[in-house]
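Each remark here refers to the structure printed beneath this line.
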Amino acid sequence: MRLQIWTLTLTLGSLVRGTILQNGQVRETNFPDTKIDASEYDFETYGADASELSYKGRWDSNKVSFWSAAGLVFGFSGDTVAITFGENTVDRTLIGYRIGGMDWTFTNVTTGGTHLLVTSETPGIAETYPINPKRFEMRVSNWGYGVQIDKVHVAAGDSLVKVKPYNRTIEFIGDSLSAGDFQSYEGMSSFAYGVGEGLGETEYYVTAYPGICAADQECWGNPRGQVHQWFYASDTSWRAAEIWGDEPEPWDFEKMETTPDLVVINLGTNDNNEHNNVSAEAYVDAYTKLIQGVHGKYPKAQVVVMELWLGFYQYGNSYGQDQGFQKELQGIVEYFNSDEYLSAPKIWDGTKNKTTTLDSPSEPFVHYFETKGILQHNDIGPGYHPTDVGAIKVASHLSQYIKLTFGWDLVATGPEVFHETLYWNNQDTY
């Protein structure tokens, strides 16, 4: 069944870029056509390497976005912003964009095209508070596609402004459940995005791709597992193979604008599927090395291991929940909190396939987040992934867990997180 669903996803690829399928029906959308002829405008133009630009998530050195919900943030003067997208942009990729804390607007961008995203008519453009300078943010909505930034434009005489990053950072490492597969706005409807954006004043990375295993082997068309691929800029997609072949570019951890304080891992759903033939031993080995890799690159980060949910089944006159690798995940957490590990911590480098034992002991840093009971059977769609409501439920519970466990205040007090979730019953009389 999983293979059939994956095939259907690929078959509908060209449709998904410009269309949202809601319960198998095309959802009515009004995405603006933002493409323009740049020669008809008087622009001040900046290259993709301009110091004022802050790339969020993972982009390669050619400024091509990968993984899920990659973004671009910058400040600007004036009332005009346009972006020219490079030749490695997948045509009609859906992006979300906004200024300040206003609602998201979505548009399909084109290969090599220039798109006018902010004008004097943009809501909030004339306001100077509470966010100043004016802040532009763009996120790639489609997890399976991506964009390349070629140039950023403002009106002649205006300028870009560097925006200071937020003081805390979270990264999600996962598969389709974190990437937003089968949710309405995909990457921008996932639980991972919902936590990152919903915490408020938080930088976030969603290093997740559908079908990928923790174990380093082929899973649902992905040639490598996260224990290897997490160390690279690109994901395991067809377009990454077209651009980088068999020699992907290592991710430059040293040049990250901010270093994650917290890493949330949700991996194992694909390893647990018998189609991929991953043993429990291989899964534990890969997951353990991945955490060792995270600790090596982010020695001060806390790590949250998410309990898996594998769907639901009818149980007599009710329903039950499937879970996978529960004993193995609990064992992994116990290992990282043991004297054996903390007294002589090991770190893993996936680019060198090398384990190193550190000279200094470590404080405990690995935690376990129980997901049992958060989702119910009708929170899972026919594609075996959370519905939009299901993703919101996971994001809400995880956000509260982060607040209670690590003391992270919830500071988003109004800006839209999930788009098009405003529906209600206004029948007030009978």
Side-chain angles (χ1 to χ4, degrees), residues 54-60 65-73 137 139-140 143 165-180 187-188 190-210 212 214 225-236 249-268 286-306 332-333 336 347-351 365-369 391 394-395 398-399 401-403 405-406 408 412 417:
S54 295
Y55 290 87
K56 309 299 182 180
R58 292 201 179 183
W59 300 69
D60 69 14
S65 68
F66 288 101
W67 302 96
S68 185
L72 177 66
V73 170
E137 179 177 8
R139 293 280 171 175
V140 179
W143 59 259
Y166 297 124
N167 292 325
R168 59 189 189 185
T169 302
I170 186 170
E171 180 172 0
F172 297 85
I173 304 174
D175 49 34
S176 58
L177 300 175
S178 303
M188 295 181 69
S190 71
F191 83 82
Y193 157 82
V195 174
E197 190 69 42
L199 285 168
E201 298 183 11
T202 303
E203 304 293 344
Y204 56 92
Y205 295 75
V206 185
T207 315
Y209 195 79
I212 199 168
Q226 280 285 34
V227 68
H228 170 85
Q229 202 66 32
W230 180 74
F231 292 87
Y232 292 85
S234 57
D235 50 40
T236 48
E249 182 179 49
W251 177 240
D252 194 338
F253 290 92
E254 299 298 322
K255 290 186 178 180
M256 294 175 70
E257 185 178 45
T258 60
T259 300
D261 307 290
L262 179 61
V263 177
V264 178
I265 305 176
N266 187 331
L267 282 170
Y287 208 120
T288 300
K289 286 179 177 175
L290 179 59
I291 295 178
Q292 291 172 346
V294 169
H295 192 51
K297 298 301 183 182
Y298 313 144
K300 296 182 179 180
Q302 299 293 301
V303 174
V304 174
V305 172
M306 289 187 69
I332 290 169
V333 174
F336 280 100
I347 59 173
W348 164 257
D349 190 323
T351 60
F365 64 94
V366 179
H367 312 262
Y368 190 64
F369 175 61
V394 175
L398 183 54
S399 295
Y401 173 84
I402 291 170
K403 177 184 178 181
T405 304
F406 306 107
W408 285 28
V417 177

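Numbering of residues begins at 1 and proceeds along the displayed sequence. The analysis underlying the following values was restricted to heavy atoms, covering all of them including side chains, and did not include hydrogens, waters or symmetry mates.
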message: salt bridge (charged side-chain N to carboxylate O under 4.0 Å, His left out), that's the test. Do E201 and R168 meet it? Break it down for me.
response: CA-CA 7 Å; E201 298 183 11; R168 59 189 189 185; over 6 Å; no
Any idea which heavy atoms bring [X] and [Y] closest together, and the distance?
X	Y	result
A412	G198	CB-O, 3.3 Å
E171	Y298	OE1-OH, 2.7 Å
G350	H228	O-ND1, 3.6 Å
S190	A179	CB-C, 4.0 Å

message: As a quick check of understanding, evaluate side chain to side chain contact (heavy atoms under 4.5 Å, CB included) for I212 and D235, giving each step before the final call.
response: CA-CA 10 Å; I212 199 168; D235 50 40; over 6 Å; no
message: Nearest 0.5 angstrom please: T236 OG1 to Q226 CD, how far?
response: 7.5 Å
field: Distance, nearest 0.5 Å, that separates OG1 of T202 from CG of N167
entry: 9.5 Å
Please confirm whether the backbone N or O of [Y] pairs with a side-chain atom of [X], one donor and one acceptor, at under 3.5 Å?
X	Y	answer
Q302	D261	no
T288	A286	no
W67	A233	yes
S68	W143	no
E249	S234	no

Tell me, do [X] and [Y] make a side-chain contact under 4.5 Å, heavy atoms counted?
X	Y	result
W348	V227	yes
V417	Y193	yes
T405	F369	no
M256	Y205	yes
I402	I170	yes
R58	T207	yes
F172	L398	yes
W230	V294	yes

field: Stepwise side chain to side chain contact (heavy atoms under 4.5 Å, CB included) test for T351 and W251
entry: CA-CA 10 Å; T351 60; W251 177 240; over 6 Å; no
query: Which is it for Y401 and H367 under the side chain to side chain contact (heavy atoms under 4.5 Å, CB included) test, yes or no, and what are the steps along the way?
result: CA-CA 11 Å; Y401 173 84; H367 312 262; 3.4 Å; yes
query: Side chains of E203 and T258: is there a donor and an acceptor less than 3.5 Å apart?
result: no
query: Under the criterion side-chain contact (heavy atoms from CB on, under 4.5 Å), which of I347, I265, V333, V263 is the partner of I291?
result: I265
